[in-house]
Amino acid sequence: MLTQLRDIVEQVSKVDNVHHALEILVQQTCSAMNTECCTIYLANEDKQRLELMATQGLTFRGDTIHIDFEEGLVGLVKRTAEPINLAEAARHPDYKYFPQLGENVYHSFLGTPIIYRKKVLGVLVIQQKKSRQFSETEESFLVTLAAQIAVLIAHAKSQGHRFFSEPQPSVIHGIPASSGVAIGSLWWDDTQPELSDVYPASTLDVDREQELLLLAIEKALTDFKRMRKKFDLELNKDALAIFDLFTHLLNDPMLRNDLKAQIQSGDKADWALRQVVENYANRFAQMSDVYMRERAQDVRELGQRLLFFLHNSEQTTLTLEQPIILIVRELTASILASIPKEKLLAVVSLEGAANSHAAILSRAMGIPAVMGVNSNPDLLNGKMGIVDGYSGEIFVEPNEELLSEYQSLVTEETELSKMVEQALASEACTQDGKRVQILLNAGLSADTSISVNQGVDGVGLYRTEISFLLQQQFPSEEEQVHQYRAVLDAYQDKRVVMRTLDIGGDKALPYLPIEEDNPFLGWRGIRFTLDHPDIFLMQLRAMLRASKGYDNLSILLPMVSSVQELDDAIVLINQAYQEVLKEHKDIVYPEIGVMIEVPSMLYLLSFIADKVDFVSVGTNDLTQYLLAVDRNNSQVANIYESLHPSVLAAMKHIYEVCAANHLPVCICGELAGDPIGALLLVGLGYDTLSMNTSNVARVKYLLRHSDSKELKTLADNALMQHYGKSIYDQMYQYFEDKGLAGFIRAGKS
Ligand code: PEP
Ligand code: MG
């Protein structure tokens, strides 16, 4: 039966049209299961009914035939979300006879729900004239088939296919990633370069073109691997073959040699690509074997992808007349960097989750963002839209009423910002006088001229990755000195915590692709730099040299998971220090800190207390590792709970152990800048929070309107809750009672 199942899936995967695919499915199922009737119904949630989509064996002339959720056996399968297997359907109390379907000839009935991610999308039914109970093997065959159909339907829906003649949904749901609201025109960048538009061009710098091509190939390979992995989660395996084929073709020495030779003859890389790709595609197109002929299209698609990476290896700045709401497949730091901030009202990303670095960056830039949006961008392009970054909703072509409601929200937001801005310069102090240090998270932006923020007590986290990410090679020691000095200079009388390189995970360097199945559990942060003392020492020397005369540098080590890693890093820091001392006698030894973001460190705090000057809690990764949930994966975004009871318990533990060991501790994850998170952390006892610029004024305002004893009671209550939702609800109530609900708004938890 497994072979039959595979055959059905294979046949269906060859068809583009989903309705046609469903028709093939019912026919093939009848013959595989040796039965006369098979039917697929899909659930129309708006009308609360199941609509017949495809059948073999029932009377269906293409008209809409539907069964209410409350009706008959099919309705029962939908409601209970469980299979029903009956030898004599008519004897079941829920049986209902539908004369228009002509099903009176059938006696036995086996119905199974079509479920995708907990939701019943429809019902798959087989019926037989003979009265008999279907076997267990038949039942599991149908359940497996239903799971395949679920993927097919979910995929079609995510591509914008509408099964029912309903008006286009006017609201689309995604994951709220950066708060704020925006109203404007939705803009999908479909201006990607076409291979057919590339025209002859030659070059004098053959080496550079070869280099560009190699870089594009590497990027494409990494991308295919990523896409393959992503689709692996969602789609049937056959669809994955295309990525394997692309990878195989790209690794083919013949194709690579042909491309190389074409460039060697003086052609620019993109022109060489077009010629070679067309050559290959034509060769495939002329083959007699149908399968091989079809490969011509694959080669063209591959060429198209390579062209994309050829043209996107450098930063481009878009020229836009009007501000827009940008829709992208996957938001990256470089996309955000390529659009002037005043032209960017909000971002909508089809992929990604609330704690990816791009999401953090949009929060830092104060740009509302919604991620993980399941919609067809072509249908949205050019339409008027509202993006609600609090609830994750996108309203397409909203009516007047909604528009004016949101217009007043935008005004309210602006007023709230103005109100909190007034308190920016004053210290963050609770009403009863508890002083909280507010530090800045910086560095995730391409903007190196980081402006002095008079509202902060220093820089709590300077992420150094960006200059490594945006270049074609590792930045030199001099370049790094220049960049770090600008930051240390801007905060001369304040402390600046610079974190050593934290690449890996979702921050892969374009010129150093790292192939790993589990990048977040792999070679990232300190693991990478300890294995590359050359790169690490260069960065340490650059930081130390940059601090000359300012003496305000602290060094922070990311992703440390053991005491040994810390010991090894300290040896290298000492070495770098001795090296710079040879030339610059008066450089002060920096304070050293460790990021607490791998759960193992929770239990090593007392062992490291006398080896470091401070620790900084990275709640983004700590939550990811504590809950075993990928911070970038939109499929599991609902499980990534920043207010999870375990996260809160971990925060309490860290605070207490640090206090007992007199170890200064700061929080630099996103939780520290979140209105609810900040108040809870202060309630737990923390007095140093590091956050993005856009949150500084708000958190200060909130603290100035709170009482530390009251916050302690809130935190104590929160620690007793079993669910993240209860913690959120309790905090929401507090904000509402205090007249501060505008800071969080409903929907976001
Ligand atoms: C964290 O993990 O919380 C953190 C601050 O580091 P990053 O977000 O850069 O991984
Ligand atoms: Mg981290």
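Since we're looking at a predicted model, the values are computed, not measured. First listed ligand is number 1; within each ligand, the first listed atom is number 1.
- Contacts of Leu461 with ligand 1, taken as heavy-atom pairs under 4.0 Å, involve the side chain alone.
- In terms of distance to the Mg ion (ligand 2), the nearest N, O or S atom of Glu597 is named OE1.
- Side-chain atoms of Tyr589 and Asn574 include a donor-acceptor pair closer than 3.5 Å.
- Contact between Arg524 and ligand 1 is present, with at least one heavy atom of the residue lying under 4.0 Å from the ligand.
- For the side chain to side chain contact (heavy atoms under 4.5 Å, CB included) with Leu461, the qualifying choice from Leu439, Leu556, Val497 is Leu556, the only one to do so.
- If you look at Met559 next to ligand 1, there are no close heavy atoms at all, none under 4.0 Å.
- Taking the six-membered ring for Trp and thresholds of 30 and 60 degrees, Phe474 and Phe468 have ring planes more than 60 degrees apart, a perpendicular arrangement.
- Both the backbone and the side chain of Asp621 come within 4.0 Å of ligand 1, counting heavy atoms alone.
- Only side-chain heavy atoms of Arg631 come within less than 4.0 Å of ligand 1; its backbone N, CA, C and O stay farther off.
- Remark: distances from the non-hydrogen atoms of Glu670 to ligand 1 are all 4.0 Å or more.
- Residues Arg545 and Arg485 fail the side-chain proximity criterion, which asks for heavy atoms closer than 4.5 Å.
- Within the 4.0 Å heavy-atom cutoff, Met595 counts among the residues contacting ligand 1.
- When the shell of 6.0 Å around NZ of Lys434 is examined, it contains more than 12 heavy atoms from other residues, nucleotides or ligands.
- At a cut-off of 2.8 Å, Asp621 is counted among the residues with an N, O or S atom near the Mg ion (ligand 2).
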